[in-house]
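A short write-up of the structure that comes next.
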There are 2 protein chains.
Amino acid sequence: MTRRSTLGARNRGIPEATVARLPVYLRALHTLAERGVVTVSSEELAAAAGVNSAKLRKDLSHLGSYGTRGVGYEVQYLVYQISRELGLTQDWSVAIVGLGNLGRALAGYGGFASRGFRMSALLDADPAIVGDRINGLTVEHIDKLEQVITDCGISIAVLAVPASAAQAVCDRVVASGVTSILNFAPVVLTVPDGVDVRKVDLSIELQILAFHEQRKAGGPGGVEQEYLEAVDGS
Amino acid sequence: MTRRSTLGARNRGIPEATVARLPVYLRALHTLAERGVVTVSSEELAAAAGVNSAKLRKDLSHLGSYGTRGVGYEVQYLVYQISRELGLTQDWSVAIVGLGNLGRALAGYGGFASRGFRMSALLDADPAIVGDRINGLTVEHIDKLEQVITDCGISIAVLAVPASAAQAVCDRVVASGVTSILNFAPVVLTVPDGVDVRKVDLSIELQILAFHEQRKAGGPGGVEQEYLEAVDGS
DNA sequence: AAGCCTTTGTGAACGCACGCACAAAGTCGG
DNA sequence: CCGACTTTGTGCGTGCGTTCACAAAGGCTT
Ligand SMILES: NC(=O)c1ccc[n+]([C@@H]2O[C@H](COP(=O)([O-])OP(=O)(O)OC[C@H]3O[C@@H](n4cnc5c(N)ncnc54)[C@H](O)[C@@H]3O)[C@@H](O)[C@H]2O)c1
Ligand SMILES: NC(=O)c1ccc[n+]([C@@H]2O[C@H](COP(=O)([O-])OP(=O)(O)OC[C@H]3O[C@@H](n4cnc5c(N)ncnc54)[C@H](O)[C@@H]3O)[C@@H](O)[C@H]2O)c1
């Protein structure tokens with residue numbers, strides 16, 4: 001059978017690397033759309049997204065054949081297809097746990113709502129923080145976690161609590177039915193199968209930059225006998 | 001000569017994937033050290049870091065042979081070796097540009113200093129913000145950018161400015177001598193060769209989670225004829 | 001209607017990364 | 001001093017991701 005069946009190019013099983021780039025393409029497309037651009041070639045879009053054009057085309061080919069040869073891709077249509085693939089045609093309710101420095105910044109950020117992510121619940125353990133209103137939402141006490149998550153139909157949680165509390169909070173949100181977690185605490189979270197965790201660790205990012213920075217400056221080599229000096233104070 | 005030469009296992013050219021994991025190992029090692037652990041096996045450390053033990057050993061082998069067969073790795077010694085490889089035996093001066101919601105959270109965070117990153121300069125364009133004291137530092141006007149970066153010997157900059165200003169600010173910090181950038185603005189930055197950019201995009205992280213979340217719920221397939229409905233209001 | 005020009009979609013080659021599995025190396029008890 | 005046991009360091013097979021390069025496809029002009 002030469003004919004392509006129902007799931008032809010639309011093979012369930014989009015490479016993870018591709019999934020991670022789709023939001024970048026989407027952002028570039030939104031910018032183009034605002035500028036009134038109707039059609040875009042893979043070359044132009046790739047440049048806007050900061051990737052190789054072959055890679056872009058292969059990525060898009062995983063969703064289907066949505067381009068027109070000799071012309072390019074229709075911006076609006078592609079926005080819709082990528083959005084659909086990413087699950088952005090529906091709204092997602094998100095809970096933020098931990099409304100300290102970072103949690104507040106996240107709760108007050110407008111860039112999420114525009115992508116279909118609604119911050120539906122803010123939770124904290126500190127009585128001094130519970131009751132605060134942030135961006136139109138009231139901070140609830142962590143004791144209401146299970147109730148709030150169930151009531152709001154929340155499946156995504158953002159953890160902005162101290163590292164020492166992260167695993168415990170994680171366990172609770174998972175027990176309440178959350179299956180996707182964005183973790184800011186510098187710890188490795190353990191979760192059951194079927195639960196996705198993504199971590200954002202700013203300290204790690206800086207350390208990676210420092211590594212390359214050091215390379216540019218000449219590298220660590222040269223001095224070999226420094227350990228004893230560094231450890232032994234004498 | 002059987003003795004390992006200056007560059008033996010210490011091959012210049014550590015895989016990028018390894019570099020990204022070294023900070024995770026380092027964090028796990030610090031935790032173990034605090035707990036008084038002297039020696040750790042690859043199996044234990046791998047578990048603490050959430051990776052495969054073979055991967056851990058291969059990663060560490062890129063720095064040299066710092067383990068003892070039959071015993072494991074000495075925690076303190078390994079901390080030192082990884083720190084040195086990452087360039088954390090020296091302090092790094094970092095500038096934060098944009099002291100809005102996010103910039104403030106970053107400036108107030110204590111977790112950076114403990115890794116050798118000193119926030120040396122805070123810069124913003126808003127006169128209402130310039131002069132504020134955050135965590136013992138005064139916010140300077142962006143006009144002093146070049147001067148401050150030069151004076152403090154800053155080579156790493158964190159950008160927490162609006163997307164619309166990011167590229168312009170980026171160009172300025174690069175022109176001032178910064179060669180490593182951590183970017184929070186949702187834009188693709190263009191920089192000259194030799195400058196490293198790492199991006200942190202929380203919106204993208206949520207979108208990736210949404211993609212997998214949708215999969216768990218049954219996937220987008222099924223309904224094929226939705227585009228016209230979605231675009232055309234009628 | 002035909003041919004030219006542009007751009008897509010993908011086959012194929014390559015390189016990196018992961019993880020298994022094991023020999024070599026070292027420890028520790030007797 | 002020796003033998004059993006533990007754990008490292010790595011060779012190797014496998015799979016994923018990237019990139020090149022080009023045939024096929026469609027539009028546009030004449
Ligand atoms: N602020 C930053 O820039 C930054 C940078 C990198 C990483 N982080 C990490 O992000 C996390 C939050 O950072 P932060 O600066 O906002 O810390 P923070 O101390 O300001 O805020 C933590 C909040 O969590 C709350 N909390 C503590 N235990 C809780 C529990 N069991 N249940 C619910 N809430 C609880 C606290 O009341 C507090 O409001 C930390 O893990 C930190 O390491 C922060
Ligand atoms: N707050 C969040 O949780 C969050 C989440 C994801 C992404 N981001 C991104 O991080 C960036 C900062 O977010 P935010 O919420 O802190 O925004 P914000 O508007 O609160 O702060 C931006 C700051 O940058 C300053 N600024 C503007 N133009 C400047 C210039 N040319 N030079 C120097 N300073 C300038 C402003 O005065 C302001 O203080 C944005 O690009 C945003 O999209 C923020």
Side-chain angles (χ1 to χ4, degrees), chain A residues 2-5 7-22 24-25 29 32 37-75 77-78 81-82 85 208, chain B residues 2-5 7-22 24-25 29 32 37-75 77-78 81-82 85 208 211-212:
Chain A
T2 24
R3 196 157 195 338
R4 199 170 272 128
S5 72
L7 38 101
R10 283 272 303 293
N11 201 349
R12 246 83 271 260
I14 296 180
E16 196 54 34
T18 296
V19 173
R21 281 187 295 266
L22 289 179
V24 180
Y25 303 153
L29 286 165
L32 291 169
V37 177
V38 175
T39 281
V40 68
S41 71
S42 65
E43 204 70 50
E44 294 164 329
L45 183 53
V51 302
N52 183 296
S53 73
K55 181 150 54 178
L56 171 77
R57 287 197 299 275
K58 184 151 285 186
D59 282 343
L60 294 183
S61 76
H62 285 117
L63 324 188
S65 274
Y66 298 136
T68 306
R69 292 167 191 242
V71 178
Y73 302 88
E74 198 200 328
V75 174
Y77 187 55
L78 201 49
Q81 291 299 344
I82 294 179
E85 198 62 44
I208 295 172
Chain B
T2 24
R3 200 162 195 335
R4 196 169 277 126
S5 74
L7 39 101
R10 284 270 304 292
N11 199 350
R12 249 83 269 262
I14 295 179
E16 195 54 34
T18 296
V19 173
R21 280 187 296 267
L22 290 178
V24 180
Y25 303 152
L29 287 165
L32 292 169
V37 177
V38 174
T39 282
V40 69
S41 72
S42 64
E43 204 72 48
E44 294 165 328
L45 183 53
V51 302
N52 183 295
S53 72
K55 181 151 56 179
L56 171 76
R57 288 197 297 276
K58 185 155 287 185
D59 282 343
L60 294 183
S61 77
H62 285 116
L63 324 189
S65 274
Y66 297 136
T68 308
R69 290 166 192 241
V71 177
Y73 302 88
E74 197 200 328
V75 174
Y77 187 55
L78 201 49
Q81 291 300 343
I82 295 179
E85 197 60 44
I208 295 173
F211 170 83
H212 292 295

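What you see is a predicted model; the values in this text were computed from it and never measured. Numbers restart at 1 for each chain; the letters A, B, ... are given by sequence-line order, proteins then strands.
Taking atom CG of B:Leu78 as the reference point, atom P of D:dT8 lies 11 Å away to the nearest angstrom. B:His62 places its NE2 atom 11 Å from the P atom of C:dC16, with the value rounded to the nearest Å. Nucleotide C:dT7 holds its C1' atom 13 Å from the CG atom of A:Leu60, rounded to whole Å. Atoms CG (B:Leu56) and P (C:dA17) sit 16 Å apart, rounded to a whole Å. Following rounding to the nearest Å, B:Tyr25 (OH) and D:dT8 (P) show an atom-to-atom distance of 13 Å. The separation between A:Tyr66 atom OH and D:dA25 atom C1' is 18 Å, rounded to whole Å. Across the protein-nucleic acid pair, A:Leu45 atom CG and C:dT8 atom C1' stand 13 Å apart, rounded to whole Å. Put simply, CG on B:Asp59 is 13 Å from P on D:dT10, counting in whole angstrom units.
Closest to the side chain of A:Thr68, from the set C:dT8, D:dG27, C:dT10, is D:dG27. Comparing C:dT10, D:dT8, C:dA17 by their closest approach to the side chain of A:Ser61 singles out C:dT10. For A:Ala17, the listed nucleotide lying nearest its side chain is D:dG17; candidates were D:dG17, C:dC20, C:dA17.
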Could you please spell out the steps behind the side chain to side chain contact (heavy atoms under 4.5 Å, CB included) verdict for A:Thr18 and A:Lys55? CA-CA 9 Å; A:Thr18 296; A:Lys55 181 150 54 178; over 6 Å; no
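Counting distance only, with no hydrogens placed and no angle test, the side-chain atoms of B:Arg69 and the base atoms of D:dT7 include no donor-acceptor pair under 3.5 Å. Looking at A:Lys58, its side chain has no donor and acceptor atom pair within 3.5 Å of the base of D:dT18.
The phosphate of D:dG9 has OP1 or OP2 within less than 4.0 Å of a side-chain N or O from B:Ser65. Dashed line: the shortest gap from a side-chain N or O of B:Tyr73 to OP1 or OP2 of C:dG26 is not under 4.0 Å. Applying the 4.0 Å criterion to OP1 and OP2 of C:dT7, one finds that A:Ser41 has every side-chain N and O outside that range.
Just one residue in the list B:Thr39, B:Leu29, B:Leu45, B:Val38 forms a side-chain contact (heavy atoms from CB on, under 4.5 Å) with B:Val75, and that residue is B:Leu29.
Nearest-nucleotide mapping onto DNA chain D: of B:Arg57 and A:Asn52, the residue sitting toward the 5' end is B:Arg57.
At a threshold of 4.5 Å between non-hydrogen side-chain atoms, the residues B:Phe211 and A:Leu22 do not count as touching.
In this structure, A:Tyr73 has its ring center no closer than 6.0 Å to that of A:Tyr66.
Between the side chain of B:Ser41 and the backbone N or O of B:Glu44 there is at least one donor-acceptor pair closer than 3.5 Å.
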